[in-house]
A.B. asks: 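One structure coming up, written as structure tokens, with questions to follow.
Just so we're on the same page: letters track the sequence lines, and every chain starts at 1. The structure presented is a predicted model; accordingly, all values stated were derived computationally and were not measured. What's counted below: heavy atoms across the whole structure, side chains too, no hydrogens, waters or symmetry copies.
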Amino acid sequence: RKEVEQDPGPFNVPEGATVAFNCTYSNSASQSFFWYRQDCRKEPKLLMSVYSSGNEDGRFTAQLNRASQYISLLIRDSKLSDSATYLCVVNAPGGYNKLIFGAGTRLAVHP
Amino acid sequence: GAGVSQSPSNKVTEKGKDVELRCDPISGHTALYWYRQSLGQGLEFLIYFQGNSAPDKSGLPSDRFSAERTGGSVSTLTIQRTQQEDSAVYLCASSLRTSGGGSYNEQFFGPGTRLTVL
């Protein structure tokens, strides 16, 4: 089993749609969770951290369910500029910033 | 300010040759990481440096891979006797000093070096 598993892509949605990505992780001792965004042929960039209480940043909402070891990202009112690959990222327990990346879910927003 | 820089941006080499990839982290960042990303795959952790501590080499795939960090700043990833399966994008990231207890400092990535082994 992969340490971080994500929805298979690609997701093709029209502008204005709401889209949700899911992710599961295998190590119950992980404590930090993130969504990164990676544009085609570009480096990953942090989109948002994910907290147990859930957190929202504009059109983006992230949720964490520790009991199920499940993370989600919801994008409302999709824009063309949201087209990218979204990486689910979990820290490897060990007291420092070692990150484990999912393979990513590709989103394509069309007019 | 300047971000993480990597060089070269692209490298094409022949099987069996050695290559060196360079990373310049953000000034003041004491933690430095190397990852590689194969086509359609997630990022694979390779090695981590933190200050003067011994590096975490647990992600290096074979003894053909090694990395150094000189003077706590610039890092070089060396791949000896390259193989076709080494073809990937090699990404470097840096962050502020890490701390224990599960806290996290954001990692900033460089643009990567695209390595092609013929």
A.B. asks: Between A:Lys45 and A:Asp39, is there a salt bridge with N-O shorter than 4.0 Å?
C.D. replies: no
A.B. asks: Below 4.0 angstrom, N of the basic side chain to O of the carboxylate: do B:Arg64 and B:Asp86 qualify?
C.D. replies: yes
A.B. asks: Once the angle between the rings of B:Tyr35 and B:Phe45 is folded into 0 to 90°, is it parallel (under 30°), tilted (30 to 60°) or perpendicular (over 60°)?
C.D. replies: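 It falls in the perpendicular class, over 60°.
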A.B. asks: Non-hydrogen atoms of chain B under 4.5 Å away: do they reach the side chain of A:Gln38, the backbone, both or neither?
C.D. replies: side chain
A.B. asks: May I ask you to say whether A:Arg76 pairs ionically with A:Glu56, meaning some side-chain N is under 4.0 Å from a carboxylate O?
C.D. replies: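 So A:Arg76 pairs with A:Glu56 through a salt bridge.
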A.B. asks: Where on B:Phe108 is there a heavy atom nearer than 4.5 Å to chain A: the side chain, the backbone, both, or neither?
C.D. replies: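 No part of it gets close to chain A.
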A.B. asks: Using a cut-off of under 4.5 Å for heavy-atom pairs, which of A:Lys42, A:Arg41, A:Lys2 has the most such pairs with chain B?
C.D. replies: A:Arg41
A.B. asks: Name the member of A:Gln6, A:Glu43, A:Arg106 that forms the most heavy-atom pairs with chain B at distances under 4.5 Å.
C.D. replies: A:Glu43
A.B. asks: With only heavy atoms counted, which part of B:Glu44 is less than 4.5 Å from chain A, the side chain, the backbone, both or neither?
C.D. replies: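 Neither part.
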A.B. asks: With heavy-atom distances below 4.5 Å as the criterion, would you say the side chains of A:Phe34 and B:Gln107 are in contact?
C.D. replies: no
A.B. asks: Is B:Leu43 in contact with chain A via its backbone, its side chain, both, or neither, using a 4.5 Å heavy-atom distance?
C.D. replies: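 Contact with chain A is through both the backbone and side chain of B:Leu43.
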